[in-house]
Amino acid sequence: VGTLFFTILLARYLLPEAYGIYNLALSVILLFLTLSSLGLDNVVTKYISSVLLKKKHQLSSYNIYFLKLKLKLTTLSLLLLFLAAYPLSRYIFKINELFFLLIIGSLYLLFQTFESYFTQLFYCIEKTKYTSYKEIINQLLKLVFLFLILIFFRSSLWVILIFITLGFTSLILLIYDLITLKKILPELFSKEYHEKIETKNILKFIWFLSFASISAIIFSHVDSLMLGSFLAPEYVGYYKAAFSFVMGVGGIIAFPNLILYPIFSKMHINNIEDLQNKSVKYMSIVIIPAMFGLLALGRYFIVFLFGMDYYNSYLPLAILSFLILPHIFVGQFISIFTAEEKPKIITTLMIIISILNVVLNYIFIKIFISFSPLLATAGVSLATVMSWYIYLFITFRMLKKELLIKVNYHYLLKPLLASLGMYATLFLIIRTISDMNIPWGILLILIGILVYLVGLILLKGIKKEDLNLIRDGLKK
């Protein structure tokens, strides 16, 4: 919620052009941030966790080795970023101010890459409460700094100062990590004799995971980068406003899964297939109407939250609203491959989908740009949604082939039919409203919920025992 609020506030004050430039710079920096890790953070989790169980006296040796490797990768990434900053800003995106943002953003890259490294150590020692505290600090700091920037500085400095703020926030979090880890895991910083460790297998593992890491970051940011290379930055702003809003809503919707999943685990469910299907059944009841709700009311949400300047985000939002379902379920199913130690499958999937996404983005931009820039933005949205559904479909197939887990598609049908009825009802009512306002918006949301629930009950998509289960989960 804090991230969504920060995004809305940032976009609303920067306006589409500056917000688009901000996202272009951030996407480039995150790409080089990935190069500074190359899967190292995941390797750290594997090896440090193992050392803690078997060879705790080697903990400091591994930590020093990983930090030296991280320093080399970070130095290389910073050097490449400095070299690429000018040609990217001058010849690819044709935005002169982007050069200074990339140089200043290098501070964020430097602090964030080490901060992410130490964050993994909290998971290794199963002290995740500290990461929760840290995330609260992170969100509060960013919001406080953003308010100070908006109040005390002129608008021409806002984007530069925001990147300085991101770097400074990462530095504070890094200091928090070091102080906390030194307190709860002093062996990590031991100055005693450091044993020589076997590095050959570590480097092989890093090399393997690097492909997945690079593919993942390309998949996540290629849409913005390709939009920025073909269109003016304000269209990146329109797209990212819609995308960030959809992802924010998706994050909120996914929260019930955190409540219900442990309950399913304690039920008399004999295998992981039944557990996954239970999750699909109950999450579909929430996800599918949310997608159609955004489709029906999305343009009003955009104007209300982001301002009238982002009205052109309505078309990307209408398409991206269907991203919620694959985004949530892919994340859930990929975690199964991780738990079953199938990294090769994850890497292969990510490489295939990343290449496909780049190709689809290019094709749709070239097709639609001849009509209008806004349609090209919609084309990128379509490419993103198509890529994610193909990703979901292939993941389903791989679950069945590799792990003999079959996902029951029928659980999607009744929520889909009820959602279509809800959308049709909202569409007809909206046509009769000449002046949309907040009271009307609230009423439409309530009507939509009521129509959906009635339709779902009539279709027997939800039963009394389902409601009891959900109620018990909310109580806990």
Side-chain angles (χ1 to χ4, degrees), residues 2-30 88-89 92-105 108 139 142-167 169 221 223-249 294 297-320 365 369 372-378 380-381 436 438:
T3 300
L4 180 60
F5 182 67
F6 175 82
T7 299
I8 292 171
L9 189 65
L10 183 64
R12 193 176 183 96
Y13 278 90
L14 288 183
L15 300 182
E17 183 178 5
Y19 185 60
I21 294 172
Y22 162 81
N23 275 288
L24 280 175
L26 186 61
S27 295
V28 172
I29 291 167
L30 291 176
L88 284 174
S89 57
I92 304 299
F93 300 113
K94 300 178 177 64
I95 305 171
N96 292 330
E97 56 264 44
L98 190 63
F99 172 78
F100 299 102
L101 295 178
L102 294 177
I103 298 302
I104 293 171
Y108 172 64
Q139 298 300 333
K142 288 199 296 187
L143 286 172
V144 169
F145 287 140
L146 181 58
F147 277 118
L148 292 175
I149 289 170
L150 297 176
I151 293 171
F152 293 107
F153 295 91
R154 63 178 186 268
S155 58
S156 59
L157 296 174
W158 285 352
V159 180
I160 293 175
L161 290 171
I162 287 167
F163 273 101
I164 294 174
T165 291
L166 291 177
T169 301
H221 296 282
D223 45 10
S224 300
L225 296 174
M226 292 186 72
L227 263 180
S229 63
F230 282 96
L231 301 176
E234 56 262 32
Y235 291 96
V236 180
Y238 298 143
Y239 174 81
K240 290 302 291 186
F243 184 87
S244 300
F245 181 60
V246 169
M247 289 296 97
V249 173
L294 281 180
L297 303 173
R299 69 177 66 193
Y300 305 111
F301 284 128
I302 283 289
V303 172
F304 175 70
L305 296 172
F306 290 86
M308 195 64 193
D309 292 292
Y310 286 90
Y311 183 77
N312 284 336
S313 294
Y314 80 88
L315 187 55
L317 179 65
I319 299 171
L320 290 170
I365 289 175
I369 199 171
S372 77
L374 187 58
L375 281 179
T377 307
V380 170
S381 305
M436 180 64 70
I438 294 177

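Bear in mind that the values here come from a model prediction, so they are computed numbers and not experimental data. Hydrogens, waters and symmetry mates play no part in the numbers below; they use all other heavy atoms, side chains included.
- A 6.0 Å sphere centred on CZ of F304 holds no more than 12 heavy atoms belonging to other residues, nucleotides or ligands.
- Applying the side chain to side chain donor-acceptor pair (under 3.5 Å) definition to pairs two or more places apart or across chains, those involving residues 225-243 are D223-Y239, Y239-T384.
- Between F147 and F5, the ring planes are tilted. Angles from 30° to 60° get that label.
- Shown here are the side chain to side chain donor-acceptor pair (under 3.5 Å) partners of S156, two or more places apart in sequence or in another chain: R154.
- Partners of F145 according to the ring-ring contact (aromatic ring centres under 6.0 Å, His included) rule, which considers only residues two or more places apart in sequence or in another chain, are F168.
- For residues 19-28, the pairs satisfying side chain to side chain donor-acceptor pair (under 3.5 Å) are S27-H221, with sequence neighbours left out.
- Atom CD1 of residue I29 and atom CG of residue L101 lie 7.5 Å apart, to the nearest 0.5 angstrom.
- A search for side chain to side chain donor-acceptor pair (under 3.5 Å) contacts involving E17 returns nothing, not counting sequence neighbours.
- Here L150 pairs with L9, Y13, L146, W158 under the side-chain contact (heavy atoms from CB on, under 4.5 Å) rule; sequence neighbours left out.
- In this structure, the side-chain contact (heavy atoms from CB on, under 4.5 Å) partners of L15, at least two apart in sequence or on a different chain, are D309.
- Contacts of Y108 classified as ring-ring contact (aromatic ring centres under 6.0 Å, His included), with partners at least two apart in sequence or in another chain: none.
- L166 is listed as a side-chain neighbour of K142, based on a closest heavy-atom distance under 4.5 Å.
- Taking A318 as the reference, L295 meet the side-chain contact (heavy atoms from CB on, under 4.5 Å) condition, with sequence neighbours excluded.
- For Y314, the side-chain contact (heavy atoms from CB on, under 4.5 Å) partners are R299, Y311, not counting sequence neighbours.
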